[in-house]
Protein chains: 2
Amino acid sequence: MNKKRIYIADDHQIIIDGLKGLIIGLDEFSLCGEANDIEKAASDLASLKPDLAIIDIRMPNSTEGLKLLQWAVKNKISTRIVMLSMHQDLRLLQDAKNWGAKGYLLKNTGKEELFYALRHIAEGGTYFFEIPANDLQTEIVFTPKELEIIKLVIAGCSSSDISHKLGISDETVKVHRRNIRNKTGASNMAELLIRLNEIGYTF
Amino acid sequence: MNKKRIYIADDHQIIIDGLKGLIIGLDEFSLCGEANDIEKAASDLASLKPDLAIIDIRMPNSTEGLKLLQWAVKNKISTRIVMLSMHQDLRLLQDAKNWGAKGYLLKNTGKEELFYALRHIAEGGTYFFEIPANDLQTEIVFTPKELEIIKLVIAGCSSSDISHKLGISDETVKVHRRNIRNKTGASNMAELLIRLNEIGYTF
DNA sequence: CAAAATATACCCATTTTTGGGTATTTTCTA
DNA sequence: TAGAAAATACCCAAAAATGGGTATATTTTG
């Protein structure tokens with residue numbers, strides 16, 4: 001039997017080592033590499049062509065793990081990708097699914113569920129964490145401009161900062177921010193940051 | 001040889017399982033329990049009296065892992081406690097050290113360093129991650145009232161919200177918030193939330 | 001193409017925040 | 001106990017944020 005080759009990308013080495021420790025005990029898998037950042041992960045995926053990859057959805061340098069997923073899909077990497085997330089968030093999950101991930105697991109998933117998911121995905125299936133109905137946030141969809149502005153908001157920019165950086169009117173920025181606040185249900189900047197964090201934005 | 005008994009508390013099950021997978025391979029340690037929240041961890045520490053405990057410095061329900069450390073020290077728990085943190089932060093590290101932790105490890109620590117630390121601590125030593133000199137933030141010390149207000153700030157409260165909740169003048173709250181902003185170098189609420197997050201506050 | 005969604009930019013008024021200041025009481029600590 | 005640190009609360013004024021509105025291009029999509 002040829003073992004399926006697994007690749008792991010996560011900025012926390014302890015998680016990589018932990019996953020390795022767990023997977024080493026399994027007969028059907030072998031480990032073929034690891035990375036702490038998406039640049040190394042991308043080049044490794046291209047050269048090693050693993051069967052599976054477990055990728056943290058959040059990675060350092062503000063470049064999210066989703067970017068790596070998108071890159072892999074665009075470059076027709078055959079590797080079946082499982083996203084690993086801290087957040088029980090429908091938006092992130094659906095983003096992952098829409099971009100072609102084969103799975104979405106939470107970091108507080110136990111090893112049995114992890115093993116089941118890996119086996120299932122290796123055999124051609126998918127495994128997406130089932131978000132409890134009561135936690136079903138109505139999925140928040142931001143427009144491209146809103147996403148641009150969110151990036152600057154979580155960098156600590158004020159409205160006028162943003163208007164200068166984007167070369168648009170201060171008033172327009174205010175409108176976008178109001179819409180973003182309304183979508184997230186936040187009534188001030190502090191709350192907005194909190195909501196964005198819950199939804200999976202890193203700052 | 002009697003194995004040292006290790007306890008693990010972390011809100012991410014995958015980290016617990018990962019650590020377990022790593023530690024199981026070691027001769028000198030055995031695992032005696034685990035928890036995803038500080039309540040269970042506290043009662044387990046009291047009843048199981050492990051030799052070592054690896055505790056996530058950040059835990060859910062806004063009750064930090066540091067609280068567990070403080071509780072353990074106050075209750076004269078003999079267990080030698082190692083704090084596990086995502087943040088390379090001097091304040092957190094020193095808080096841990098001051099409260100009697102025997103170690104402070106980052107989640108992106110590799111397994112070799114982890115093993116070395118565990119062995120060293122088990123033998124009566126301490127192991128604190130060496131924060132690079134260039135990353136040495138001047139340690140920020142908040143006063144008790146400031147910490148109270150920070151808690152409410154990262155819950156999304158405005159100044160008047162806080163003044164009502166604490167039963168003090170709106171103006172006093174403003175002063176505290178100004179001092180907090182000055183200490184963190186933030187010039188608005190969004191920046192403050194970002195800085196607090198960097199320093200290790202969860203919201 | 002037509003409709004819908006998005007981005008643009010302004011209007012208004014109110015509230016909140018920000019950045020200074022002073023000053024008194026309380027609490028901690030050397 | 002004397003001095004330092006912290007908490008209290010006010011002053012002022014400028015800047016920013018909030019919450020509501022209207023209106024018009026532009027872009028996307030069925």
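Every chain is numbered from 1 and lettered A, B, ... according to where its sequence line falls, protein lines coming before strand lines. These numbers come from a predicted model, not from an experiment.
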Q: Could you please spell out the steps behind the side-chain contact (heavy atoms from CB on, under 4.5 Å) verdict for A:Ile140 and A:Ile199?
A: CA-CA 9 Å; A:Ile140 300 174; A:Ile199 299 176; 3.6 Å; yes
Starting from [atom2] on [N], measure out to [atom1] on [X] and report it in whole angstrom.
{"X": "B:Asn179", "N": "D:dA9", "atom1": "CG", "atom2": "P", "value": "15 Å"}
{"X": "B:Leu192", "N": "C:dT16", "atom1": "CG", "atom2": "P", "value": "18 Å"}
{"X": "A:Lys183", "N": "C:dT6", "atom1": "NZ", "atom2": "P", "value": "6 Å"}
{"X": "B:Leu193", "N": "C:dT17", "atom1": "CG", "atom2": "C1'", "value": "14 Å"}
{"X": "B:Leu147", "N": "D:dA5", "atom1": "CG", "atom2": "P", "value": "18 Å"}
{"X": "A:Leu152", "N": "D:dA16", "atom1": "CG", "atom2": "P", "value": "16 Å"}
{"X": "B:Phe142", "N": "D:dA7", "atom1": "CZ", "atom2": "C1'", "value": "17 Å"}
{"X": "A:Asp170", "N": "C:dA9", "atom1": "CG", "atom2": "P", "value": "10 Å"}

Q.
Both B:Lys145 and A:Met189 contact DNA chain D. Taking the nearest nucleotide for each, which residue is further toward the 5' end?
A.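 The residue mapped nearer the 5' terminus is B:Lys145.
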Q.
Here's a test of your reading of the structure: between A:Val175 and A:Ser160, which maps to the more 5' nucleotide of DNA chain D?
A.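 Looking at the nearest nucleotide for each, A:Ser160 comes out on the 5' side.
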Using OP1 and OP2 only, check whether a side-chain N or O of [X] sits under 4.0 Å from [N].
{"X": "A:Arg181", "N": "D:dG19", "answer": "yes"}
{"X": "A:Ser159", "N": "D:dA17", "answer": "yes"}
{"X": "B:His176", "N": "D:dA6", "answer": "no"}
{"X": "A:Lys174", "N": "D:dT18", "answer": "no"}
{"X": "B:Ser187", "N": "C:dT18", "answer": "no"}

Q. Is the number of heavy atoms from other residues, nucleotides or ligands within 6.0 Å of NZ (A:Lys165) greater than 12?
A.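 No, not enclosed.
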Q: Could you go through the side-chain contact (heavy atoms from CB on, under 4.5 Å) check for B:Arg177 and B:Glu146 one step at a time?
A: CA-CA 8 Å; B:Arg177 295 217 318 192; B:Glu146 283 169 358; over 6 Å; no
With sugar-phosphate meaning primed atoms plus P, OP1 and OP2, does [X] contact a base, only sugar-phosphate, or nothing at under 4.0 Å between heavy atoms?
{"X": "B:Thr172", "answer": "base"}
{"X": "B:Asn188", "answer": "sugar-phosphate"}
{"X": "B:Arg177", "answer": "sugar-phosphate"}
{"X": "B:Thr143", "answer": "sugar-phosphate"}

Q: Check whether NZ of the Lys or CZ of the Arg A:Lys97 lies under 6.0 Å from the centre of the six-membered ring of A:Phe128 and within 45 degrees of that ring's axis.
A: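 The answer is yes, since A:Lys97 meets both limits relative to A:Phe128.
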Q.
For B:Glu171 and A:Val141, find the nucleotide of DNA chain C closest to each by heavy atoms; which residue's nucleotide sits nearer the 5' end?
A.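 Closest to the 5' end, via its nearest nucleotide, is A:Val141.
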Q. When only distance counts, do a donor and an acceptor, one from the side chain of B:Arg178 and one from the base of C:dG21, lie under 3.5 Å apart?
A.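 Pair found.
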Q) Does B:Asp161 use its side chain to pair, donor to acceptor, with the backbone of B:Ser158 at less than 3.5 Å? A)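 Here the side-chain-to-backbone pair exists.
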**Q.** Criterion side chain to side chain contact (heavy atoms under 4.5 Å, CB included) against B:Phe142, the qualifying member of B:Thr184, B:Asn179, B:Ile149
**A.**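 Answer to the side chain to side chain contact (heavy atoms under 4.5 Å, CB included) test with B:Phe142 among B:Thr184, B:Asn179, B:Ile149: B:Thr184.
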